[in-house]
Amino acid sequence: MHSKDQISHDEYQKTADWLMSQTKHRPQVAIICGSGLGMLADTLKCQDSFAYSDIPGFPQSTVQGHAGRLVFGELKGKTCVCMQGRFHMYEGHSLLKTTFPVRVFKLLGVETLIVTNAAGSLADGLQPGDIMIIKDHVNFPGLVGLNPLCGPNDDKFGPRFPAMSGCYDKNLRCQAMEIAKQLGVAGLMQEGVYAMVGGPNFETIAEARLLHRLGVDAVGMSTAPEVVVATHCGLRVFGLSLITNKVVKSYEDSV
Ligand SMILES: O=P(O)(O)O[C@@H]1C[C@H](O)[C@@H](CO)O1
Ligand SMILES: Nc1nc2[nH]cnc2c(=O)[nH]1
């Protein structure tokens, strides 16, 4: 990593201070809305919203279906901040830029991060329209050194070598499954392993087969760097993948 890519603690703090000067909301929960899931932010009550382009230090979203707005408000009695649009590595952002909002959330006083994404299914039991509660992830870019925590460690956020076993909070996963049962939608939900690949192309059949054999249930192009940075700075994490397609694993099924 080049030193010019580093982001100082002051830069995160300046963005957090600016946001706190613009809104009275003090969120406990942050939600990152994945592709096509941004309408959740529209349901917040007593909204204050900010275009990313107006927030000092914030990256800009370039992906269709990602509005590029930070929305503060109340959801079921909790004060929340929602990202309507996230930043992906394949857009050309550095990993520190893609995860910039997570550290800003920490400085705003957020305790829990909810990550959502659109993902392709590799598991036979996961159909388009199903929701996967993320139990764990395989961070393929991270395994080869494309990790937002590379470079000098900022001890104010967390330790040099943070543990990632248990980065998806078990209590929150159990609660989600209980609530799904109460709502009668448990049949659409199951736990699974998400893998992040760099994108932007979708998988070849050989890649899909490899991921399946490695125990991956759903594949996408985001989430893992945000979760790594959130876990590093002590946020509790809950994650959902909306299954949008089955990944083609068979040469007979390919077009
Ligand atoms: O932001 P998410 O992870 O929901 O976006 C996914 C990954 C790609 O940006 C896109 C591919 O369909 O959706
Ligand atoms: N890599 C990847 N990302 C996705 N996002 C939504 N569907 C897919 C998929 O099939 N593969």
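On a predicted model such as this, the values are computed, not experimentally measured, just so you know. We count ligands from 1, going down the list as the structure has it; atoms in each ligand are counted the same way. Sequential numbering from 1 along the given sequence is applied to the chain's residues.
- Residue nearest to atom 3 (N) of ligand 2, selected from P200, S121, G220: G220 (by heavy-atom distance).
- Side chain of S121 to main chain of L126: a donor-acceptor pair is present (N/O by atom type, distance under 3.5 Å, no hydrogens or angles).
- When only interatomic distances are considered, the shortest N/O to N/O separation between Y90 and ligand 1 falls below 3.5 Å.
- Taking any N or O of R86, backbone or side chain, at least one lies under 3.5 Å from an N or O belonging to ligand 1.
- Partners of A41 according to the side-chain contact (heavy atoms from CB on, under 4.5 Å) rule, which considers only residues two or more places apart in sequence or in another chain, are V71, C82, Q84.
- A cation-pi arrangement is absent between R69 and Y52 under the rule of less than 6.0 angstrom and at most 45 degrees off the ring axis.
- At the top of the distance list for atom 11 (N) of ligand 2, counting protein heavy atoms only, stands E203 OE1, 2.8 Å.
- The distance from ligand 1 to the heavy atoms of N117 drops below 4.0 Å at these ligand atoms: 3 (O), 4 (O).
- For a threshold of 3.5 Å applied to N or O pairs, the pair formed by N201 and ligand 2 contains no separation below that value.
- Just one residue in the list L37, V81, V102 forms a side chain to side chain contact (heavy atoms under 4.5 Å, CB included) with I32, and that residue is V102.
- The single protein non-hydrogen atom nearest to atom 10 (O) of ligand 2 is N245 ND2, 2.9 Å, given as residue, atom name and distance.
- In terms of protein heavy-atom proximity, atom 5 (N) of ligand 2 is nearest to A118 O, 3.4 Å.
- Residue V247 approaches ligand 2 through these ligand atoms, each under 4.0 Å from one of its heavy atoms: 10 (O).
- The distance from ligand 2 to the heavy atoms of M221 drops below 4.0 Å at these ligand atoms: 1 (N), 2 (C), 3 (N).
- Contacts between V219 and ligand 2 below 4.0 angstrom, taking non-hydrogen atoms only, involve backbone and side chain alike.
- At a 3.5 angstrom cut-off on N or O pairs, H88 counts as close to ligand 1.
- Taking each of G220, G85, S35 in turn, the one with a heavy atom nearest to atom 10 (C) of ligand 1 proves to be S35.
- Neither the backbone nor the side chain of S35 has any atom closer than 4.0 Å to an atom of ligand 2 (non-hydrogen atoms only).
- Here F87 and H93 bring their ring centres to under 6.0 angstrom of each other.
- Regarding atom 6 (C) of ligand 2, its nearest protein heavy-atom neighbour is T244 OG1, 3.4 Å.
- For atom 9 (C) of ligand 2, the closest heavy atom belonging to the protein is F202 CD2, 3.4 Å.
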